[in-house]
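Heads up, the thing below is written out as structure tokens.
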Amino acid sequence: MKTPAIIAASFVAAAVVAFFLFFGYSAAVPFQPGSGEFTVEDVEGMLLDGVTSEVQRDLYRLIAADYPAEYAAFLAEMTTLANSGIPNLEQAAFEKSRNFTTELRMDNAHYLSSAPLENLRAINRATLTVLESLADHPPLCAKFAVSGGANLTMAEVEQMDLDLVAAIGNENFRAMAAGRDTPVTHGAVQDSDIAAIVDGWTNDPATTPEMEAALLGGNMSHPAFCAANTTFQAYVAEATGEAAERAIVFMTTAVATQ
């Protein structure tokens, strides 16, 4: 049987990893070779036009507001690329955009550990929404709960609401900026804190013996595994008290630098 700390960390892996799904499958930037000299303003407009929804578009607006130096450097690099005339320009622009958001996340992930609790809860709530949306797809739900978007196939991606997944990314970047600008010192988590929140979930009326068996046994193929992860996220979203808060901070940030 897994230890409570490992079990709890597995429940929240999606909260940090999953939003890469959006970066990996968002639309390419629609550069048109031969259109003339692009300006930074042109490139920014095409960047915003290249994503498929307002939720995804908000990511770039959020980065522009909270990471202005990095965003300005990114736009300058994209403008140079747009004017380079290289073959496969759209693919190159897509890869640069994806690499930028990935590197920005990696460079700032350590700020999650000092983010205000409410920002971390927002990540949890966004993850819960994704899991709830996958209730009719238990195998996909189970895969997403354990590894986020890291190992999903294109066919699996097409079954997901990418706006909901993008919202996890938005909350992560928002939390990292808050941890950088308004840092909070959280108490060190104790093993007893993790054990208490897992025990609280197992004793919650919404938790069935089947869910407990699926999760504590680490059995992704169990029919109740998806529901177990979903109910755990729901329980964490409502958990209060100092011990629960320390556990939430630990679980939300434990995989931040992976």
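Quick note: numbers below take in every heavy atom, side chains included, and nothing from hydrogens, waters or symmetry partners. Along the sequence shown, residues are numbered consecutively beginning with 1.
Note on Arg125 versus Glu118: salt bridge recorded, some NZ/NE/NH1/NH2 to OD/OE distance being below 4.0 Å.
In the hydrophobic cluster analysis, where Ile, Leu, Val, Met, Phe, Trp and Tyr join through side-chain heavy atoms closer than 4.5 angstrom, Leu140 is grouped together with Ile168. Hydrophobic clustering of Ile, Leu, Val, Met, Phe, Trp and Tyr side chains at less than 4.5 Å, counting indirect connections, unites Leu75 with Leu62. Linking ILVMFWY side-chain heavy atoms closer than 4.5 Å, directly or via other members, places Val157 and Val130 in a single hydrophobic cluster. Both Phe38 and Tyr60 are part of a single hydrophobic cluster, where members link through side-chain heavy atoms under 4.5 Å apart. At a threshold of 4.5 Å between side-chain heavy atoms, the hydrophobic network of Ile, Leu, Val, Met, Phe, Trp and Tyr places Leu128 and Leu112 in two separate groups.
In this structure, Asn88 places its CG atom where only 12 or fewer heavy-atom neighbours from other residues, nucleotides or ligands lie under 6.0 Å away.
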* To do: Evaluate side chain to side chain contact (heavy atoms under 4.5 Å, CB included) for Val236 paired with Ile197, printing each intermediate quantity in order.
  => CA-CA 8 Å; Val236 170; Ile197 204 165; 4.1 Å; yes
* Go through the steps for Leu104 and Phe173 under the test side chain to side chain contact (heavy atoms under 4.5 Å, CB included), then give the verdict. => CA-CA 9 Å; Leu104 185 64; Phe173 277 109; 3.7 Å; yes
* **Check against side chain to side chain contact (heavy atoms under 4.5 Å, CB included), Leu117 and Ile248** => CA-CA 8 Å; Leu117 180 65; Ile248 292 167; 4.1 Å; yes
* Asked: Could you go step by step and tell me if Arg180 and Met176 meet the side chain to side chain contact (heavy atoms under 4.5 Å, CB included) rule?
  -> CA-CA 6 Å; Arg180 178 197 64 203; Met176 290 185 288; over 6 Å; no
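Of the N and O atoms on the side chains of Thr127 and Asn124, not one donor lies less than 3.5 Å from an acceptor on the other residue. Ser133 and Asp161 form no side-chain donor-acceptor contact under 3.5 Å, judged by distance and modelled atom types alone.
When all heavy atoms are compared, the tightest approach of Leu89 to Ala82 is CD2-O, 3.8 Å. When all heavy atoms of Val55 and Asp163 are compared, the pair lying nearest together is CG1-O, 3.4 Å. Here the closest heavy-atom approach between residue Ala126 and residue Glu171 is recorded as CB-CG, 4.3 Å. Across all their heavy atoms, Phe225 and Asn219 have their closest contact at CD1-O, 3.2 Å. Residues Glu212 and Trp201 share a closest heavy-atom pair of CA-CH2, 3.9 Å. In this structure, Ala206 and Thr231 approach most closely via the heavy-atom pair O-CG2, 4.1 Å.
Ring geometry for Phe100 versus Phe74: interplanar angle under 30°, hence parallel rather than tilted (30 to 60°).
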